[in-house]
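Worksheet: one structure, shown below.
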Number of protein chains: 2
Amino acid sequence: MNIGAVSEKSGLPAKTIRHYEDIGLLKPDRAGNGYRDYSMVDVHRLRFLQRSRSLGFSVEECRQLLSLYGDSDRESADVKAIANAKLSDIDRKIAELIGLRDMLRHLVKNCHGDSRPDCPIIEGLAGEARVQ
Amino acid sequence: MNIGAVSEKSGLPAKTIRHYEDIGLLKPDRAGNGYRDYSMVDVHRLRFLQRSRSLGFSVEECRQLLSLYGDSDRESADVKAIANAKLSDIDRKIAELIGLRDMLRHLVKNCHGDSRPDCPIIEGLAGEARVQ
DNA sequence: CTTGAGATTCCCCTTACTGGAAGGTTTATG
DNA sequence: CATAAACCTTCCAGTAAGGGGAATCTCAAG
């Protein structure tokens with residue numbers, strides 16, 4: 001499969017896909033003409049990257065997540081440790097997104113258009129997340 | 001309030017706080033000695049930035065979200081349009097995080113340590129999100 | 001008064017892409 | 001068959017969003 005098709009299927013620009021290859025996140029075959037030749041596994045990895053990057057995980061975190069499978073030299077204890085750590089991150093992110101969503105919903109409901117100066121939503125903006 | 005205290009309260013490094021000032025996300029006062037002097041509103045904005053950046057929103061998106069209040073020249077229709085667009089984004093992100101979490105949970109439960117070659121989790125990795 | 005913690009600016013480095021040039025390949029069309 | 005459009009290649013440079021660290025300044029404590 002050529003890079004254009006993979007781009008469409010993964011939702012990532014071709015530039016980004018080549019970049020991910022440069023930094024070792026995947027290694028597509030090459031066709032006789034020099035074009036990259038992607039498999040469905042590559043598409044899965046790229047889709048996964050698209051998702052997790054857009055959710056605020058760094059490329060290195062994504063690399064760890066990807067290593068949870070596929071790398072046949074994985075060790076069960078490592079896998080579980082990494083996965084559990086990421087599960088905490090994810091739970092926190094979900095909670096924060098829900099907080100953000102509620103805040104915006106409140107804003108949409110209560111801020112009724114006349115540009116009144118003091119909007120009580122400002123309090124909610126910072127969330128009640130414990131710092132540190 | 002000095003930048004150190006604000007850093008602690010917002011969870012952002014001082015470097016990042018100064019950077020946000022450079023790109024116009026806040027304008028703290030200056031004390032007589034040249035030190036930046038932050039208000040509680042600044043702290044709120046910074047906390048908000050910390051949260052939304054870590055959730056995968058770009059700085060420009062954060063700028064839009066911040067403009068939903070504080071800018072007294074806001075127009076109700078604009079506010080609602082932006083807020084509603086962001087609400088969709090947030091809902092999608094939440095759904096994706098839940099998908100990611102379920103996948104990891106499944107992996108933790110089912111991948112029982114002996115490095116067996118084929119893990120069915122790979123299917124789940126890409127999610128069933130419709131591309132495009 | 002001096003010592004250490006915290007502030008300032010400035011400049012360069014890093015991460016994670018993104019745009020564009022210059023050129024090779026494949027596909028559709030006259 | 002020619003040739004133009006669409007796709008692919010590499011390479012180089014730029015952007016976005018910070019981070020490291022030097023050189024200097026200021027404040028609080030002993």
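Just so it is clear, the values below take in all heavy atoms, side chains as well, and ignore hydrogens, waters and symmetry mates. Throughout, a chain's letter reflects where its sequence line sits, starting with A, and its residues are numbered from 1.
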If you round to the nearest 0.5 Å, how far is CZ of A:Arg45 from OH of A:Tyr38? 12.5 Å
Taking atom types as modelled and ignoring hydrogens, do the side chains of A:Ser88 and A:Asp91 form a donor-acceptor contact shorter than 3.5 angstrom? no
Distance in Å, B:Glu8 CD paired with B:Met1 CE, rounded so as to fall on 0.5 Å steps: 11.5 Å
Separation between CG of A:Leu25 and OG1 of A:Thr16, rounded to the nearest 0.5 Å: 11.5 Å
Sugar-phosphate atoms are those with a prime plus P, OP1 and OP2; base atoms are the rest. Using that split, label each nucleotide of nucleotides 8-23 of chain C B, S or - for protein heavy atoms under 4.0 Å, 5' to 3'. BBB-----SBSBB---
Which angle, to the nearest 10 degrees, lies between the helix axes at the two ends of the helix from C:dC1-D:dG30 to C:dT14-D:dA17, each defined by five pairs? 20°
Nearest 0.5 Å, please: how far is OG in A:Ser52 from CG in A:Leu66? 6.5 Å
Among the clusters formed by ILVMFWY side chains lying less than 4.5 Å apart, do A:Val43 and A:Tyr35 turn up in the same one? no
Figure out the CZ/P separation between B:Phe57 and D:dA17, and round it to whole Å. 14 Å
Atom-to-atom span, CG of B:Asn2 to P of D:dC27 - whole angstrom: 10 Å
My understanding is that only residues two or more places apart in sequence, or in another chain, count here; which of them pass side chain to side chain contact (heavy atoms under 4.5 Å, CB included) with B:Lys86? A:Leu104, B:Phe57, B:Glu61, B:Gln64, B:Leu65, B:Ile82, B:Asp89
Please report, rounded to the nearest Å, how far the C1' atom of D:dC7 is from the CE atom of A:Met1. 16 Å
Roughly how far apart are B:Arg51 CZ and A:Leu97 CG, rounded to 0.5 Å? 9.0 Å
How many Å lie between CG on B:Leu25 and C1' on D:dA17, as a whole number? 11 Å
